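This report concerns only the one structure given below.
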Amino acid sequence: MPDIKQNIASLKQEIETLATALGRKDPITLLAVTKTHPVELIEAALAAGIEHIAENKVQEAMRKLPMIGTAYKGFHFIGHLQTNKINQLLALKPYLIHSIDSVYVAEKLHLALGRTNRTQDVLIQVNTTREEQKSGVTFENARDTIWQIAAFSTLRIKGLMTIGKLHPNPETSRPYFKMLKELFDEFQNEEIPGMEMKHLSMGMSHDWKIAIEEGSNMVRIGSAIFGERYYGDDI
Ligand SMILES: *Cc1c(COP(=O)(O)O)cnc(C)c1O
């Protein structure tokens, strides 16, 4: 049984130490990736000061979220979004959807939101590493895609997301994080109605330090909080 409280305390401490060393003044959000983990462990994380939780499957989130008894700030959706799950996801009132990976999905989401008069904060997921098993728009198409998605009035683009290399040496992720930060900065200078480049979601348990060094302000941490996952680990 992992010591969730201790893991979260050390992560927060390490993030703060690194941010100070880098002279960073902007807040860095620690997301607890709760996929595959039972509600009791989610409650333990919330009791230890976690305010944002993330799931990658709509079905699993639908089952678990209603059972959580502790208040928290945000539920984040970080998995590939199947269009037939959009209404179910929206019913869970996601704080942020990190994984908008095509104009097609964005349009379906826009249409569903339009029916209920809602807006939704989203990130565009970029497949910086070009790995086939990962979702995300290609880096080459990212600019075009962002412009097209920005035109959907119900979607508020709040930033970008990527998954680094799933390689034991976290340094292998650095060039990809750098690429995304450059794109993020580029769009920060654009005046696009409804768009605000605010969140740069990159870094997981093995490479979050490198991600923060390269400008991430939102890290998605699962195993470093909860221990290893035993099933359903597909990203
Ligand atoms: C599972 C997952 C994470 C967390 O992975 P860990 O290596 O356990 O920290 C982060 N981001 C996404 C998109 C994921 O699917």
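In this text, all values refer to a predicted model and were calculated from it rather than measured experimentally. Heavy atoms only: backbone and side chains are in, while hydrogens, waters and symmetry mates are out. Order of listing sets the numbers, starting from 1, for every ligand and every atom in it.
At a threshold of 4.0 Å, the pair Glu140-Arg130 counts as salt-bridged, since one of the basic side-chain nitrogens sits closer than that to a carboxylate oxygen.
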Using side chain to side chain donor-acceptor pair (under 3.5 Å), reason through Lys134 and Thr129 one step at a time and then give a plain yes or no. CA-CA 9 Å; Lys134 284 182 195 160; Thr129 62; 3.0 Å; yes
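In this comparison of Ile78, Thr34, Thr36, the heavy atom closest to atom 12 (C) of ligand 1 sits on Ile78. By heavy-atom distance, the residue among Glu228, Arg220, Lys134 lying nearest atom 4 (C) of ligand 1 is Arg220.
Annotation: Asn56 places no N or O atom under 3.5 Å from an N or O atom of ligand 1; distance criterion only. For a threshold of 3.5 Å applied to N or O pairs, the pair formed by Val33 and ligand 1 contains no separation below that value.
Note on ligand 1: His98 sits outside its first shell, no heavy atom being nearer than 4.0 Å. Residue contacts with ligand 1: His206 is excluded, as none of its non-hydrogen atoms falls under 4.0 Å.
Listed by number with element, the atoms of ligand 1 under 4.0 Å from a non-hydrogen atom of Ile221 are 9 (O). Atoms of ligand 1 lying under 4.0 Å from any heavy atom of Ser205, numbered from 1 in the order shown and given with element: 6 (P), 7 (O), 8 (O), 9 (O). Each of the atoms 4 (C), 6 (P), 8 (O), 9 (O) of ligand 1 lies under 4.0 Å from some heavy atom of Gly222. Near Lys35, the atoms of ligand 1 lying under 4.0 angstrom from a non-hydrogen atom of the residue are 1 (C), 2 (C), 3 (C), 14 (C), 15 (O).
Separation of atoms CG (Leu89) and OG1 (Thr83) is listed at 12.0 Å; rounding is to 0.5 Å.
Hydrophobic clustering (ILVMFWY, side-chain heavy atoms < 4.5 Å, transitive): Met202 and Ile146 are in one cluster.
Nearest heavy-atom pair, Ala61 versus Phe75, reported as atom, atom and distance to 0.1 Å: CB-CZ, 3.8 Å. Taking all atoms of both residues into account, the shortest heavy-atom contact from Ile192 to Ala150 is CG2-CB, 3.7 Å.
For residues 185-204, every residue pair satisfying the side chain to side chain donor-acceptor pair (under 3.5 Å) rule, not counting sequence neighbours, is listed here: His98-Ser201, Arg143-Glu186, Lys158-Glu196, Lys181-Asp185, Ser201-Arg220.
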